[in-house]
K.L.:
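Below you will find the structure I want to go over with you.
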Amino acid sequence: MTILGVEHLEKRFGGVHAVRDVSFAVAAGELVALIGPNGAGKTTCFNMLNGQLRPDAGRVLFDGRDLAGMPPRAIARLGIARTFQITQVWSSMTVRENVQTALLARHRQIFSFFVRATELHRDEADALLRDVGMEDQAERPCAVLAYGDLKRVELAIALAGAPRLLLMDEPTAGMAPRERIELMALTARLVRERGLGVLFTEHDMDVVFAHADRVLVLDRGRLIAAGTPASVRDDVKVREVYLGSGAVFA
């Protein structure tokens with residue numbers, strides 16, 4: 001079932017046409033990679049999907065509802081979560097408290113003065129941390145965690161919003177090769193178990209070809225290829241514009 005439909009999306013910054021007539025879809029239970037060289041328009045596209053930028057033209061449909069012009073908070077409440085290239089957590093708070101804060105936001109209890117925040121949604125937070133392999137570090141402050149563990153915490157925070165669609169911007173950036181494999185394998189498992197749709201950007205082609213169900217390729221704002229990892233790997237145009245005419249995907 002299609003949960004995200006992008007139709008003829010456009011965005012300009014002055015004379016720069018960052019995204020040009022881009023259309024694609026993401027289904028429930030599917031991991032879709034959005035790749036391309038630096039400056040291809042990936043982040044601009046992401047920023048339009050979650051409301052940080054307003055499209056100049058086109059539509060972003062979530063369950064058939066056009067999201068164009070809606071603020072990020074309203075989009076998140078509809079069931080779209082996002083992780084960022086640079087991990088965003090509260091470093092002075094514990095792992096559990098970070099997830100509890102996300103759960104408080106989901107349940108609209110941020111301004112409740114009648115119960116201590118640390119007493120709310122503790123079991124639900126621990127269940128999410130268990131899902132991402134971080135339950136045993138629940139009491140540790142995020143400031144002391146290794147970067148790969150912070151990425152897992154960020155994933156738990158995103159899942160705390162009970163999303164149906166997860167946008168992941170460079171999820172393995174800054175991670176060691178083994179950590180990259182483990183994080184994306186974890187994400188793939190959670191996607192299958194929960195029936196989520198995932199759209200992620202990524203520069204590591206090993207990650208893309210190992211875990212994506214489909215791959216979308218942007219170049220200078222245009223979608224130049226879309227298909228299975230195998231078909232995109234063998235696409236001559238993708239080889240030329242993404243890695244150079246003599247490049248070979250491993």
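The basis for the numbers below is simple: all heavy atoms, side chains too, and nothing from hydrogens, waters or symmetry mates. For clarity, every value in this text was computed on a predicted model and none was experimentally measured.
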K.L.:
Do you know the tightest heavy-atom contact between V26 and G197?
P.N.:
CG1-CA, 4.1 Å
K.L.:
Does CZ in R220 sit with more than 12 non-hydrogen atoms of other residues, nucleotides or ligands closer than 6.0 Å?
P.N.:
no
K.L.:
Calculate, to the nearest 0.5 Å, the distance between atoms CZ and CG belonging to F46 and L34 respectively.
P.N.:
6.5 Å
K.L.:
Mind checking whether V208 and P229 have side chains closer than 4.5 Å, heavy atoms only?
P.N.:
no
K.L.:
Can you hop from L67 to M1 via hydrophobic side chains spaced under 4.5 Å?
P.N.:
yes
K.L.:
Taking side chain as C-beta onward, heavy atoms only, is D149 less than 4.5 Å from V95?
P.N.:
no
K.L.:
Using atom types as modelled and distance alone, determine if a side-chain donor or acceptor of R192 lies under 3.5 Å from a backbone N or O of G29.
P.N.:
yes
K.L.:
Kindly say whether W90 contributes a backbone atom to a donor-acceptor pair with the side chain of N98 at under 3.5 angstrom?
P.N.:
yes
K.L.:
Can any side-chain N or O of T172 pair as donor or acceptor with the backbone N or O of M175 at less than 3.5 Å?
P.N.:
no
K.L.:
Is any side-chain heavy atom of I181 closer than 4.5 Å to one of D206?
P.N.:
no
K.L.:
Any donor-acceptor pair under 3.5 Å linking the side chain of R214 with the backbone of V32?
P.N.:
no
K.L.:
Go through it in stages, so that I can follow the logic: the residues are E139 and R122, the test is salt bridge (Lys or Arg N to Asp or Glu O under 4.0 Å), and I'd like the CA-CA distance, side-chain angles, deciding distance and then a yes or no.
P.N.:
CA-CA 12 Å; E139 301 288 348; R122 184 184 179 98; 3.4 Å; yes
K.L.:
With side chain to side chain contact (heavy atoms under 4.5 Å, CB included) as the criterion, how do T43 and T201 come out once you've worked through the C-alpha distance, each side chain's angles and the decisive distance to 0.1 Å?
P.N.:
CA-CA 8 Å; T43 298; T201 65; 5.9 Å; no
K.L.:
Once rounded to the nearest 0.5 Å, what's the spacing between atom CG of L159 and atom CD of E154?
P.N.:
11.0 Å
K.L.:
Indicate whether any N or O donor in one side chain lies under 3.5 Å from an N or O acceptor in the other, for R152 and Q137.
P.N.:
no
K.L.:
Is there a donor-acceptor pair under 3.5 Å between the side chain of E7 and the backbone N or O of S23?
P.N.:
no
K.L.:
A side-chain contact here means heavy atoms from C-beta on lying under 4.5 Å apart; do K151 and L186 qualify?
P.N.:
no
K.L.:
Hey, is the main chain of V22 close enough, under 3.5 Å, to the side chain of R222 for a donor-acceptor pair?
P.N.:
no
K.L.:
Tell me, do V19 and E10 make a side-chain contact under 4.5 Å, heavy atoms counted?
P.N.:
no
K.L.:
Can a cation-pi geometry be assigned to K11 and F13, taking NZ or CZ under 6.0 Å from the six-membered ring centre and within 45° of the ring axis?
P.N.:
yes
K.L.:
Rounded to the nearest 0.5 Å, how far apart are CG of D63 and CZ of R65?
P.N.:
10.5 Å
K.L.:
Show your reasoning for whether side chain to side chain contact (heavy atoms under 4.5 Å, CB included) applies to L166 and F200.
P.N.:
CA-CA 8 Å; L166 181 58; F200 69 99; over 6 Å; no
K.L.:
Hey, any chance V132 and F84 share a hydrophobic cluster, counting ILVMFWY side chains that come within less than 4.5 Å of each other, even indirectly?
P.N.:
no
K.L.:
Are L78 and M48 connected into the same hydrophobic cluster when the rule is that any two of I, L, V, M, F, W, Y join if their side-chain heavy atoms are below 4.5 Å apart?
P.N.:
yes
K.L.:
Decide yes or no for L145 and M134: does some side-chain heavy atom of the first lie under 4.5 Å from some side-chain heavy atom of the second?
P.N.:
yes
K.L.:
Within the distance-only criterion (no hydrogens, no angle test), does the side chain of K42 pair as donor or acceptor with the backbone N or O of G36 below 3.5 angstrom?
P.N.:
yes
